[in-house]
Amino acid sequence: MNDTTAPDWLGRFPALALDPELRRVARTAQPLRVPAGVTIFRPGDACQSYLMVVEGAVRVQKVSEHGREIVLYRVEAGQTCVLTTSCLLAGGRYPAEGVTETEVTAVALPLAPFHELLAGSDTFRRFVFASFGERLTELMVLVEAIAFGRLDGRLARRLLALGEGADRVSITHQQLAAELGSAREVVSRVLKDFERSGWLTLERGQIVLRDAAALARIADQ
């Protein structure tokens with residue numbers, strides 16, 4: 001019997017759900033449910049499947065030999081991992097690690113079906129390369145920000161984004177440093193400058209935003 005009804009998870013990927021060939025091959029995808037805090041791939045690991053996140057978030061980061069971290073991007077519901085795509089296309093290995101930030105529900109499309117769809121489905125091929133291009137653009141923006149952007153402005157923007165209109169952000173200095181691609185000591189120094197200016201108050205594991213308008217002015221410089 002040729003059952004081409006769409007698997008439930010394809011609803012998270014509306015660009016793919018109407019392709020009959022993709023619906024057929026998608027049934028070979030392996031469902032995954034991973035708790036928060038699990039490292040799902042590490043530098044040097046081989047890429048065995050095309051990961052598509054249905055629910056939750058995976059943080060993709062690079063960690064130096066001295067323990068310094070930089071968050072490259074996050075893979076959230078309806079998204080795929082650009083490093084996985086790159087490794088599958090080039091036959092390489094992961095250059096960074098992926099850690100689940102929340103419980104993650106995902107599907108893993110094995111290597112052979114991935115290449116079958118890439119060769120035979122225009123819809124899937126457009127989806128893969130559109131996702132790849134979007135993520136590559138985000139990474140270039142990150143590189144530009146780290147190389148040329150002022151840390152105080154980037155830090156103010158990140159605090160306002162994390163606060164989402166609230167006046168309290170639960171985050172450590174180390175986590176902020178990883179988000180911004182900087183050292184914890186440097187981030188702490190800038191935060192202290194902000195505190196002396198009366199724009200925020202530093203508490204254990206939290207930052208209280210006292211003057212969002214002043215932070216917004218710094219963010220826009």
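By the rule that hydrophobic residues join a cluster once side-chain heavy atoms approach within less than 4.5 Å of another member, L151 and I70 end up as members of separate clusters. The cluster map of Ile, Leu, Val, Met, Phe, Trp and Tyr, joined by side-chain heavy atoms under 4.5 Å apart, puts V208 and V187 in different clusters. Cluster annotation: L180 and V143 are assigned to distinct hydrophobic clusters (Ile/Leu/Val/Met/Phe/Trp/Tyr, side-chain heavy-atom contacts under 4.5 Å, transitive). A single hydrophobic cluster is not seen to contain both L142 and V71; linkage of ILVMFWY side chains at heavy-atom distances under 4.5 Å, directly or through other members, places them apart.
Between E164 and A161, the closest heavy-atom pair is CG-O, 3.0 Å. When all heavy atoms are compared, the tightest approach of A156 to L215 is CB-O, 3.4 Å. In terms of heavy-atom proximity, V54 sits nearest to W9 at CG2-CB, 3.8 Å.
Salt bridge status for E55 with R12: present, with a side-chain N to carboxylate O gap under 4.0 Å. A salt bridge links E116 with R24: at least one charged nitrogen is closer than 4.0 Å to a carboxylate oxygen. Ion pairing between a basic and an acidic side chain is recognised when a charged N comes within 4.0 Å of a carboxylate O; E69 and K62 show no such pairing. We find that E97 and R59 are not joined by a salt bridge, their nearest charged nitrogen and carboxylate oxygen being 4.0 Å or further apart. Residues D45 and R42 are not paired through a salt bridge, judged by the lack of any N-O separation under 4.0 Å between the basic side chain and the carboxylate.
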field: Derivation of the ring-ring contact (aromatic ring centres under 6.0 Å, His included) call for F124 and Y50
entry: CA-CA 12 Å; F124 185 71; Y50 186 61; 5.7 Å; yes
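The main-chain N or O of L118 is found under 3.5 Å from a side-chain atom of R125 such that the two form a donor-acceptor pair. A donor-acceptor distance shorter than 3.5 angstrom exists from the side chain of S64 to the backbone of R68, with no hydrogens or angles considered. The backbone N or O of V82 sits nowhere less than 3.5 Å from a side-chain atom of S86 that would complete a donor-acceptor pair. In this structure, R210 contributes its side chain and L200 its backbone to no donor-acceptor pair below 3.5 Å. Looking only at distances, no side-chain donor or acceptor of S170 sits under 3.5 Å from a matching main-chain atom of Q206. Put simply, the side chain of T100 never gets that close to the backbone of E103: no donor and acceptor are under 3.5 Å apart.
Each of V53, V107, L51, I40 was compared with L32 under the side-chain contact (heavy atoms from CB on, under 4.5 Å) criterion, and only L51 meets it. Considering L83, L88, L89 in turn, L89 is the only one that fulfils the side-chain contact (heavy atoms from CB on, under 4.5 Å) rule with T85.
M52 CE to T80 OG1: the interatomic distance, rounded to the nearest 0.5 Å, is 7.0 Å.
Here the side chains of S121 and F127 are not in contact, with every heavy-atom distance at 4.5 Å or above. Side-chain contact check for Q61 versus V99: some heavy-atom pair is nearer than 4.5 Å. In this structure, the side chains of L109 and S49 stay at 4.5 Å or more apart for every pair of heavy atoms.
At a cut-off of 3.5 Å, with distance as the only test, a side-chain donor of R135 or Q79 sits close to an acceptor on the other residue.
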